A.B. asks: 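First the structure, then my questions, so here it is.
Everything numeric in this text was worked out from a predicted model, so none of it was measured.
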Amino acid sequence: MASHTGCLPISDTAQLDAMNAQSKRPAQTQYMLDKLAPYIADGTPIFIGGDFNEASGLDWTADTANMFDHKGTIYDFSTHKMIREAGLIDSYRALFPNPVSHPGITWPFHIKDSWTQGASYSQECGRTLDDRDRIDYIYHSANHSDLKLLDASIIGPRPNTYFKGPHGEDDTYQWSDPHSGIMVNTEGTPFYGERDFVSDHLWYKTTYQIETPKDSTATTSLNLNPEFSNISLRNDGSDLAIDFTLSNFQLWQENRTYRLVVSGDSTSSRTNGWQSEVLTSKPNGKMTVIVPPSVLTKLKAEAPLHKGLQLRIKSAIGGWHKQYAVKTISTEEIEKVMTIPS
């Protein structure tokens, strides 16, 4: 990611809207909202959560215009604006409406992970930029009497642990964000050593209470994700044949390139794995992938790192790698049908 010419901020709303649209996130959000519209209309409790990779206009306000490197910019980002206008509530801001005292930073907590560590920023701006932001969210239905938001917290190191702001504003932690963690000391305070936390994002957790009437009927969850099922393995000479069903590919787009990837289960998602093939048509049924000895040998050679092979359906979108479906096949399962070559 390169710095903007002259290291000047982009604050023109029309230009920001165009850049926002170019990311494809608003289009993806509209697709999701269209699918949810009947549920919103009939009052079904709805939860939307995840890594949105986009800031919120509830955070880029006049009060925060000079925090981090906002550089005076006030902007209502498209994706979150659309979700709010559809009648959903940003749970964190519902509990903590002040973005100055409760910024809710989730990325990056470690300056080495920042997008602005590239040479272009250092050369153009004279320093790296402070791009911390809240980009992980959980939304819920508005005005639902049987749904109560109880609490929320950020899981992971506090923002000042490994990310010192360029102006030194984090030398003393003064923000009020609620924290909890998966690693705590004897007093229950989260503690993390260098790179101990398992992600470059902090995690966001909410707790809800929902009451359902005794005469309520079960409904099928809305699932837009393709799925692997009916996995079976067989020895095909020196190769491993994996038979499976891939179905429910509702997100298929004809102008996009999709790949079926085979990799170790710990292989980076930002690669095409150990072998890959382009899907030439929308899958919706039985498929087979043939895994050669070279891939099986790699699995065995890297056994301490990988516990098995992984099937992935992915595509590249504007330089990003999106995983649509993932299925892990353990080394033990493979060894039941063949001997993995050394």
Side-chain angles (χ1 to χ4, degrees), residues 9 11 13 16-17 20 25-26 29 32-33 36 40 43-109 130-161 163 165 167 169-170 172-181 189-190 201-211:
S11 56
T13 298
L16 288 169
D17 284 345
N20 224 179
R25 287 189 288 269
T29 299
M32 174 185 68
L33 293 174
L36 288 172
I40 295 174
T44 301
I46 294 170
F47 302 90
I48 301 173
D51 167 15
F52 283 68
N53 268 325
E54 184 173 304
S56 169
L58 298 184
D59 298 343
W60 283 61
T61 67
D63 291 335
T64 64
N66 295 311
M67 288 178 64
F68 313 117
D69 271 302
H70 290 195
K71 295 186 177 296
T73 304
I74 302 169
Y75 180 63
D76 197 356
F77 292 80
S78 303
T79 291
H80 300 289
K81 181 179 179 181
M82 294 165 64
I83 294 174
R84 296 196 312 270
E85 289 178 346
L88 293 151
I89 300 296
D90 178 339
S91 57
Y92 195 75
R93 283 288 162 254
L95 289 171
F96 310 108
N98 187 339
V100 175
S101 61
H102 294 75
I105 302 302
T106 60
W107 190 94
F109 72 85
D130 187 346
D131 59 346
R132 282 173 296 176
D133 226 323
R134 184 172 68 105
I135 62 173
D136 300 85
Y137 305 81
I138 297 174
Y139 284 89
H140 62 270
S141 307
N143 302 320
H144 198 288
S145 59
D146 296 325
L147 177 64
K148 295 181 180 179
L149 171 61
L150 301 181
D151 58 50
S153 64
I154 307 296
I155 297 176
R158 294 183 183 274
N160 65 325
T161 304
F163 198 122
H167 310 296
E169 70 271 21
D170 280 344
T172 301
Y173 183 82
Q174 295 180 343
W175 292 331
S176 303
D177 290 314
H179 277 72
S180 58
T189 302
H201 288 241
L202 300 181
W203 298 351
Y204 175 50
K205 177 185 74 174
T206 58
T207 303
Y208 292 93
Q209 176 181 304
I210 185 167
E211 297 181 10

A.B. asks: I want to check something: taking the side chain as every heavy atom from C-beta on, are Arg93 and Asp59 in contact at a cut-off of under 4.5 Å?
C.D. replies: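 SC-SC contact between Arg93 and Asp59 confirmed.
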
A.B. asks: Could you give the distance from CG (Asp90) to CG (Leu95), rounded to the nearest 0.5 Å?
C.D. replies: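 Answer rounded to 0.5 Å: 9.5 Å.
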
A.B. asks: Between Leu16 and Thr73, is there a side-chain heavy-atom distance shorter than 4.5 Å?
C.D. replies: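 Yes, side chains in contact.
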
A.B. asks: Do the side chains of Arg132 and Pro108 get nearer than 4.5 Å, heavy atoms only?
C.D. replies: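 Touching, per the 4.5 Å side-chain cut-off.
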
A.B. asks: Do you know the tightest heavy-atom contact between Thr61 and Pro99?
C.D. replies: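 Looking at all heavy atoms of both residues, the shortest contact is OG1-CG, 4.0 Å.
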
A.B. asks: Is there a side-chain contact between Asn20 and Tyr75 (heavy atoms, below 4.5 Å)?
C.D. replies: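 The answer is yes; the side chains approach within 4.5 Å.
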
A.B. asks: Quick check against the 3.5 Å criterion: does Ser91 have a side-chain atom that pairs as donor or acceptor with the backbone of Ile138?
C.D. replies: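 Yes, because the side chain of Ser91 sits within donor-acceptor range (under 3.5 Å) of the backbone of Ile138.
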
A.B. asks: Between His80 and Tyr139, does the side chain to side chain donor-acceptor pair (under 3.5 Å) criterion hold? Intermediate values first, please.
C.D. replies: CA-CA 10 Å; His80 300 289; Tyr139 284 89; 2.7 Å; yes

A.B. asks: Grab the two heavy atoms, one from Ala55 and one from Trp60, that are nearest each other, plus how far apart they are.
C.D. replies: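 Closest heavy-atom pair between Ala55 and Trp60: CB-NE1, 3.4 Å.
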
A.B. asks: Before you tell me yes or no, could you show the steps for Phe52 and Ile83 under side-chain contact (heavy atoms from CB on, under 4.5 Å), namely the whole-Å CA-CA distance, both residues' side-chain angles and the distance that decides it to 0.1 Å?
C.D. replies: CA-CA 12 Å; Phe52 283 68; Ile83 294 174; 3.5 Å; yes

A.B. asks: Walk me through it: do Asp131 and Asp69 pass the test side-chain contact (heavy atoms from CB on, under 4.5 Å)?
C.D. replies: CA-CA 6 Å; Asp131 59 346; Asp69 271 302; over 6 Å; no

A.B. asks: Show, in sequence, the C-alpha distance, side-chain angles and deciding distance for Tyr92 and Asp177, and conclude whether the side chain to side chain donor-acceptor pair (under 3.5 Å) test is met.
C.D. replies: CA-CA 10 Å; Tyr92 195 75; Asp177 290 314; 2.3 Å; yes

A.B. asks: Name the one of Ile105, Thr106, Asn53 that satisfies side-chain contact (heavy atoms from CB on, under 4.5 Å) with Asp136?
C.D. replies: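 In the set Ile105, Thr106, Asn53, the residue that makes a side-chain contact (heavy atoms from CB on, under 4.5 Å) with Asp136 is Thr106.
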
A.B. asks: So among Arg84, Glu54, Arg25, which one has a side-chain hydrogen bond (donor to acceptor under 3.5 Å, both in side chains) with Thr79?
C.D. replies: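 It is Glu54; the other options fail the test.
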
A.B. asks: Any side-chain heavy atom of His201 sitting closer than 4.5 Å to one from Ile135?
C.D. replies: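 Side-chain contact under 4.5 Å: yes.
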
A.B. asks: Is there side-chain contact between Lys81 and Pro26, with at least one heavy-atom pair below 4.5 Å?
C.D. replies: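 When only atoms from C-beta onward are counted, Pro26 and Lys81 do not touch, as no gap falls below 4.5 Å.
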
A.B. asks: Between atom NE2 of His179 and atom OG1 of Thr189, what is the distance when rounded to the nearest 0.5 Å?
C.D. replies: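 One finds 11.5 Å between NE2 of His179 and OG1 of Thr189.
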
A.B. asks: Please confirm whether the backbone N or O of Thr64 pairs with a side-chain atom of His70, one donor and one acceptor, at under 3.5 Å?
C.D. replies: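 A pair under 3.5 Å: yes.
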
A.B. asks: Does the side chain of Ile89 reach to within under 4.5 Å of the side chain of Leu149, using non-hydrogen atoms?
C.D. replies: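 SC-SC contact between Ile89 and Leu149 ruled out.
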
A.B. asks: Just to verify, what does Phe47 make a ring pair (Phe, Tyr, Trp, His ring centres under 6.0 Å) with, not counting sequence neighbours?
C.D. replies: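 Only Tyr208 meet the ring pair (Phe, Tyr, Trp, His ring centres under 6.0 Å) criterion with Phe47.
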
A.B. asks: Could you grab the distance from atom CG of Leu147 to atom OG1 of Thr44, nearest 0.5 Å is fine?
C.D. replies: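 Here the interatomic distance stands at 12.0 Å.
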
A.B. asks: Can you give me the closest heavy-atom contact between Pro103 and Phe68, atom names plus distance?
C.D. replies: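 Taking Pro103 first and Phe68 second, the nearest heavy atoms are CB-CZ, 4.3 Å.
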
A.B. asks: With rounding to the nearest 0.5 angstrom, report the NE2 to CG distance, His140 to Leu88.
C.D. replies: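 Between atom NE2 of His140 and atom CG of Leu88 there are 8.5 Å.
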
A.B. asks: Are the side chains of Leu202 and Pro157 in contact, using a 4.5 Å heavy-atom criterion?
C.D. replies: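 Sidechains of Leu202 and Pro157: in contact.
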
A.B. asks: How far apart are the closest heavy atoms of Gly104 and Ile154, and which atoms are they?
C.D. replies: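 Minimum heavy-atom separation between Gly104 and Ile154: O-CD1, 4.2 Å.
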
A.B. asks: Check salt bridge (Lys or Arg N to Asp or Glu O under 4.0 Å) between Asp133 and all other residues, then give those that pass, not counting sequence neighbours.
C.D. replies: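 Salt bridge (Lys or Arg N to Asp or Glu O under 4.0 Å) list for Asp133, sorted by chain: empty.
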
A.B. asks: Identify the heavy atoms of Ser180 and Pro190 that sit nearest to each other, and give their distance.
C.D. replies: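 Heavy-atom minimum between the residues: C-CG, 3.8 Å.
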
